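Remember, it's a predicted structure, so these values are computed and weren't measured experimentally. As a basis for the values below, the full set of heavy atoms in this structure was taken, side chains included, without hydrogen atoms, waters or symmetry mates. This chain uses plain numbering: 1 for the first residue, then up along the sequence. Counting starts at 1 for both ligands and their atoms, following the listed order.
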Amino acid sequence: MEKGKIAVLAVQGAFAEQMERVSRLGAECIALRQKADLMQDFDGVILPGGESTVQGKLLVELGMLEPLRDKISKGLPVMGTCAGLILLAREIGNDAHGWLGTLPVRVRRNAYGRQLGSFHTEGMVRGIGTVPMTFIRAPYVEETAQEVEILARIEHRIVAVRYQNQLGTAFHPELDADNRIHEMFLAMCEKG
Ligand code: GLN
């Protein structure tokens, strides 16, 4: 199996960390900064953490939202971390509208309250084991469609899910030394 080529959405947020991690794991990596970048060939896309409202608006302004949605709907593997998970969600419980809406879950933004805005813990991820988890003004998943696989919960809250070609985490695997979440995603992007 050959490692796929990974595109990282690079309009705002922690895209540099994602690109660095993916490259270090031996996958070719490109940045998506404008609509034309979506014309390139790639086998998976990462939507990084950051500010989902800013990223979503930029995707609309740059004309990238529709083509990206189309690719994901047709099966392009995608990993959304934190703000990226919010972009993927079909519904945002405490927001007027969603963005890509390809992942049948409802998320809640900034869901851990002011004091608990950012925290570090460890949690069990289905199929992987215990991994470090860094949360930064993170969302959690309030509800999922039945077909969505729940990969991890922290204190009863869903923090990682998988649905077909889509992987979403409320935490930031690119900010911890553990590679297993990225390896799981790279396996979803393998060619051949
Ligand atoms: N609070 C941000 C949002 O609502 C997400 C934070 C993050 O990506 N670390 O988009």
Any N or O of Ile136 closer than 3.5 Å to N or O of ligand 1: yes
Apply side-chain contact (heavy atoms from CB on, under 4.5 Å) to the pair Ile128 and Glu183, showing each step before the final yes or no. CA-CA 10 Å; Ile128 291 186; Glu183 277 162 358; over 6 Å; no
Keeping the roles fixed (side chain from Arg69, backbone from Leu100), state whether a donor-acceptor pair exists under 3.5 Å. yes
Residues, nucleotides or ligands: over 12 heavy atoms within 6.0 Å of Arg24 CZ: yes
Report the member of Cys82, Gly50, Gly49, Pro48 with the shortest heavy-atom distance to atom 2 (C) of ligand 1. Gly50
Provide, to 0.1 Å, the distance between atom 4 (O) of ligand 1 and the closest protein heavy atom, together with that atom's residue and name. Arg109 NE, 2.7 Å
In the structure I gave you, are the side-chain heavy atoms of Pro173 and Val131 within less than 4.5 Å of one another anywhere? no
If you measure from each heavy atom of His172 to ligand 1, is any distance below 4.0 Å? yes
Flag yes if more than 12 heavy atoms outside Lys57 fall under 6.0 Å of its NZ atom; otherwise flag no. no
Suppose we measure from atom 1 (N) of ligand 1 to each protein heavy atom; which comes out shortest, and what is that distance? Asn110 OD1, 2.6 Å
Please could you name the atoms of ligand 1 that Glu51 approaches to less than 4.0 Å, counting only its heavy atoms? 2 (C), 3 (C), 4 (O), 10 (O)
Give the atoms of ligand 1, by number and element, whose distance to some non-hydrogen atom of Ile86 is under 4.0 Å. 3 (C), 4 (O), 10 (O)
Ligand 1 to Thr81 polar contact by distance, N or O atoms, under 3.5 Å: no
Can you confirm whether more than 12 heavy atoms, excluding those of Glu155, are under 6.0 Å from its CD atom? no
Short question: side chain of Asp178, backbone of Arg180 - any donor-acceptor pair under 3.5 Å? yes
With heavy atoms of Ser52 as the reference, note each atom of ligand 1 found under 4.0 Å away. 3 (C), 4 (O), 10 (O)
Would you check whether Ala83 has a nitrogen or oxygen atom less than 3.5 angstrom from a nitrogen or oxygen atom of ligand 1? yes
